[in-house]
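Please read the structure below before turning to the comments.
Only a predicted model underlies this, so the values are computations on that prediction, with no experimental measurement involved. Side-chain atoms are counted along with the backbone in the values below, which use heavy atoms only and exclude waters and symmetry mates. Counting convention: from 1, in listed order, for ligands and their atoms alike.
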Amino acid sequence: MNAGQQQSRFDQSDDLVVMKFGGTSVEDATAIRRLIGIVQSRSGLQRVLVVSALARVTDQLLEAGHAAANGHLGLALATVRNIYVRHEQLADALFEGSASTALDQQLRQHLRELESLLHDVEASRCFDLKVQDRLLGFGECFSSQLVTETLRHAGLDAVHVDARVCIVTDDRHGQASPKWDATNQRVQDHLGLLLDSGALPVMGGFIAATEDGVPTTLGRGGSDFSAAIAGAALGASRVEIWTDVDGVMTADPKFCPDARVIQKMSFEEATELAHFGAKVLHPATLVPAVRENIPVYVLNSRSPQRRGTEIVANTNSGRRVNAVTTKRNVAAVEIELSRAIDSELLGKVFSAFDQHSCLGDVMGTSLARISLLVPSTGALPAIAADLQGIADVRWENHKALVCLLGENIRRQPEIAGRAFSAISDMDVRVMCQGASDRTISFLVEDSKAQEAVQRLHGLFFPKKEPAHDWGGISTAFCQAG
Ligand code: ASP
Ligand code: MG
């Protein structure tokens, strides 16, 4: 049995749905009323809710933390007070005067804790990732309690569950990974009991804790991952990611207004898309879904009747090309080694990048050379210095990787050929074929990224023609909120 595959009565749960609502799907009273309608529309099923912080709150908390660390305590305190007031006002609007004392107390308690944390940050001038995790988690604490209370007000038996008690992670603050066995056990213990009693558990996404209870987070956008973790532990029949766009799109609609929704795609395609820069899902989301083979749906909470995108194990869509995506602002790094590559040298090179938290993709290797693609970062001079004597490191910033994605795309050379001709005047630096059969990518100047995506999208998705017409490129771009 793999880690995380604990047998339980939940293994056969055909009627359980985990519903995750992103920040824009809880951002104001209208959004939360829509959420209630959506939850009620699933009344035939057992339901677990996972909610993000209200739109913009996580960023504001981050700003408050930095402000406090830079000595601007007044600004930091004003920011968190505004966050608190926003939740209070929302509660007033939703409960129409009949205040909830319990909720008021909880929100006020969070505010007090936040204020005291910011005082500490100001005094210590320390805002490391551990402190950051504690601070950012308040967004989900606020929102999940507000949503729980609102659902109760609407007559549903919602019960708040602290995600930090259920999701156990390592202590890699800022981007922690679940410890699967402990997490599965705790999710089953805490949520399972509630489900048995007919209740509707509601928990904040994104937040977790180490085995010792130290708060962690799963990385920005991590609520999707939380939903999949809960879904896998409970053997859910589906995980629904409710957001503010119609699903996974064939290209970023901000770049390509004629981008369309992909109705169905495979776990692998969606995973590669997340890796190659599409903001549709937190990149780790599909790991537990794949492991337990749980379909994931990306749906629009503003238009819940639309079908959205279904992400499943096998699509058999017959499509040849499935996506145009772009990873912006990357640096192309050329590493010339002092001797032919061996495992010792490789280890040194990668650990130098690792030490500066600069993780990227290997684009190619030859006898004594490695090309990497990393996020543009100020750490490159330091990395080059660390590697002096071992390797000569050169790089070019301000690049974008434009990527075509589709099942077996590499086995069809005409696709690469057509794509290359469409953008060959753009000083395409490298053409790389992914390690899987599913991607072909081009490195262009970052300033040309939008145009490159538009041209490629136009080529593979001619206007007013069905998506499968050209073997259908379909790309994932929803700025899941
Ligand atoms: N609130 C967190 C963020 O903004 C997590 C999430 O929304 O998924 O990154
Ligand atoms: Mg998101």
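- Heavy atoms of G23 stay at 4.0 angstrom or farther from ligand 1.
- Residues D133 and H173 bring a donor and an acceptor atom of their side chains to less than 3.5 Å of each other.
- Using a 4.0 Å cut-off to heavy atoms of S52, the atoms of ligand 1 that qualify are 6 (C), 7 (O), 8 (O).
- Contact annotation: for E140 versus ligand 1, heavy atoms closer than 4.0 Å belong to the side chain alone.
- Between the side chains of E149 and Q145, not a single donor N or O lies within less than 3.5 Å of an accepting N or O.
- Only one option out of T309, T271, L405 pairs with M265 in a side chain to side chain contact (heavy atoms under 4.5 Å, CB included); it is T309.
- Within the listing of ligand 1, atoms 3 (C), 4 (O), 9 (O) sit less than 4.0 angstrom from a heavy atom of R220.
- Every heavy atom of G139 sits 4.0 Å or more from the atoms of ligand 1.
- For the residue pair H160/S144, the side-chain donor-acceptor check at 3.5 Å is satisfied.
- Between the side chain of S124 and the main chain of D120, a donor-acceptor pair closer than 3.5 Å is present.
- Residue pairs meeting the ring pair (Phe, Tyr, Trp, His ring centres under 6.0 Å) criterion with at least one partner in residues 35-88, sequence neighbours excluded, are H66-F127, H87-F142.
- Counting the atoms of ligand 1 from 1 in the order shown, those under 4.0 Å from a heavy atom of S223 are 5 (C), 6 (C), 7 (O), 8 (O).
- Backbone and side-chain nitrogen or oxygen atoms of F206 are examined, and none is located within less than 3.5 angstrom of a nitrogen or oxygen of ligand 1.
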